[in-house]
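Here the structure comes first, spelled out in structure tokens, and everything after it is commentary.
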Amino acid sequence: MPEGHTIHRAALDQRKMLAGKVLTVTSPQGRFSAGAEELSGQTCTAIEAYGKHLLYHFQLGSALHIHLGLYGQFRTAKAPPSEPRGAVRVRLLSDTHVVDINGPNTCEILDQAGLNALTNRIGPDVLREDADPEKAWAKIKASRVSIGQLLMDQSVIAGIGNIYRTEILWRQKLHPKLPGKSLDRTSFNRIWADAVALLQLGVKHNSIITVEKMAKSKSRYRERVNIFAKETCPACRSEIRKFEMAARRVFSCNTCQVPPEI
DNA sequence: TTGATTGTTACCGG
DNA sequence: TCCGGTAACAATCA
């Protein structure tokens with residue numbers, strides 16, 4: 001479900017529902033082993049997205065750390081809470097709203113040391129003001145790994161997922177198999193700027209949109225991306241190639257994105 | 001019921 | 001040390 005835009009959007013939405021309020025933290029189905037009660041009754045002081053990670057900070061200094069993985073999702077509703085839907089690991093309840101966290105990959109309580117460890121292992125997040133692109137560039141220009149893989153490596157650059165990597169590389173006319181070290185600085189700058197723009201648009205609309213102009217009547221999902229899971233390149237009508245990269249599917253147009261010579 | 005999936009980590013071997 | 005490959009895990013939806 002989530003690429004980085006989903007988590008940043010969730011942070012925006014949930015701030016209004018939970019931040020600055022005393023929360024009741026429960027695990028209605030007993031699926032949270034690390035002691036949600038520890039946080040219950042504390043004020044949630046801040047909600048912060050970091051790449052695909054979401055942090056709920058609490059007044060005594062620890063934080064609830066959530067990573068949704070491939071399948072997890074947030075379900076939000078107005079109070080009073082109703083019966084949990086699906087597998088709810090944690091339920092956060094304020095005076096006005098309920099946030100259920102279903103099926104997250106990670107669901108744990110972090111102290112300050114844990115928070116530091118987390119932020120140190122994540123690369124610059126394209127959606128954060130404090131992101132330093134130089135850190136990403138330093139790793140990319142030194143790596144013989146393909147740019148398609150590097151864009152998915154959250155320790156290199158945070159927030160981009162499988163759909164955005166395909167779409168960004170197509171938009172920038174770069175083949176996914178190009179080695180990181182073969183990119184020039186201009187290409188990297190374009191990738192970074194495009195990632196920022198596309199993910200910001202994703203936050204705004206709460207969905208992935210990578211086409212330049214989208215007719216209102218064509219707002220169905222398949223019409224919002226250029227080549228992801230498509231058959232034909234919208235620019236040159238060539239056949240879209242599909243292949244695997246680190247066990248994830250990638251798409252490219254070998255006309256618009258010239259493959260590297262082997 | 002089956003299969004696919006917008007993700008990550010651990011571990012192994014070259 | 002780097003990097004590719006594999007398995008494991010998660011829950012939902014079409």
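These values consider heavy atoms only, across backbone and side chains, with no hydrogens, waters or symmetry-generated copies. Every chain is numbered from 1, with letters handed out A, B, ... down the list of sequences. What you see is a predicted model, and the numbers here were worked out from it, not measured in a lab.
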Please give, in whole Å, the distance from [N] [atom2] to [X] [atom1]?
| X | N | atom1 | atom2 | value |
| --- | --- | --- | --- | --- |
| A/Q154 | B/dT6 | CD | P | 14 Å |
| A/E244 | C/dG5 | CD | C1' | 12 Å |
| A/L70 | C/dA10 | CG | P | 13 Å |
| A/R248 | C/dA7 | CZ | C1' | 15 Å |
| A/I163 | B/dA4 | CD1 | P | 17 Å |
| A/L68 | B/dG7 | CG | P | 11 Å |
| A/F243 | C/dG4 | CZ | P | 13 Å |
| A/D153 | C/dG4 | CG | C1' | 13 Å |

5'-most by nearest nucleotide on DNA chain C - A/N105 or A/V145:
A/V145
Per atom distances to the A/R144 side chain, the nearest of B/dG7, C/dC3, B/dT6 is C/dC3
A/R249 side chain: which of B/dT8, C/dC3, B/dT6 is closest?
B/dT6
Are A/D100 and A/R85 within salt-bridge range, i.e. N to O under 4.0 Å?
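Not counted as a salt bridge, because no side-chain N and carboxylate O are separated by less than 4.0 Å.
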Under a 4.0 Å N-O cut-off, is there an ion pair linking A/E3 with A/R165?
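The answer is no: the pair does not qualify as a salt bridge.
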Point-to-point distance, once rounded to the nearest 0.5 Å, from [atom1] of [X] to [atom2] of [Y]:
| X | Y | atom1 | atom2 | answer |
| --- | --- | --- | --- | --- |
| A/I66 | A/H53 | CD1 | NE2 | 11.5 Å |
| A/E231 | A/E239 | CD | CD | 8.0 Å |
| A/D95 | A/K21 | CG | NZ | 4.0 Å |

Is there any protein nitrogen or oxygen under 3.5 Å from a nitrogen or oxygen in nucleotides 11-14 of chain C, and what are the pairs?
from: C/dA11; atom 1: OP1; to: A/R31; atom 2: NH1; distance (Å): 3.3
from: C/dT12; atom 1: OP1; to: A/A87; atom 2: N; distance (Å): 3.3
from: C/dT12; atom 1: OP1; to: A/N102; atom 2: ND2; distance (Å): 2.9

Using only side-chain N and O atoms of A/T6, determine if any of them is under 4.0 Å from OP1 or OP2 of B/dG7.
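Result: no.
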N or O in side chain of A/K52 less than 4.0 angstrom from B/dT8 OP1/OP2:
yes
Within the 4.0 Å heavy-atom criterion, would you say A/T106 contacts the bases, only the backbone, or no part of the nucleic acid?
nothing
For A/Y164 and A/H5, take the angle between the two ring planes, folded into 0 to 90°, and tell me which bin it lands in: parallel under 30, tilted 30 to 60, perpendicular over 60.
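Answer is perpendicular, since the angle exceeds 60°.
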Take the angle between the ring planes of A/F228 and A/F251 and call it parallel below 30°, perpendicular above 60°, tilted in between.
perpendicular
Starting at the 5' end of DNA chain B, write a dot or bracket for each base, bracketing those in Watson-Crick or G-U wobble pairs whose two distances are under 3.5 Å and using | for partners on another strand.
.||||.||||||||
Letter per nucleotide, 5' to 3', of nucleotides 9-14 of chain B [B base touched, S only sugar-phosphate touched, - untouched; heavy atoms, 4.0 Å]
S-----
Test side-chain hydrogen bond (donor to acceptor under 3.5 Å, both in side chains) on A/D184 and A/S187 and set out the steps.
CA-CA 5 Å; A/D184 58 22; A/S187 297; 2.7 Å; yes
Does any donor atom in the side chain of A/R224 or A/S207 lie under 3.5 Å from an acceptor atom in the other side chain?
yes
Has A/R128 got more than 12 heavy atoms of other residues, nucleotides or ligands less than 6.0 Å from its CZ?
yes
Could you go through the side-chain hydrogen bond (donor to acceptor under 3.5 Å, both in side chains) check for A/N226 and A/E167 one step at a time?
CA-CA 7 Å; A/N226 294 292; A/E167 292 290 309; 3.1 Å; yes
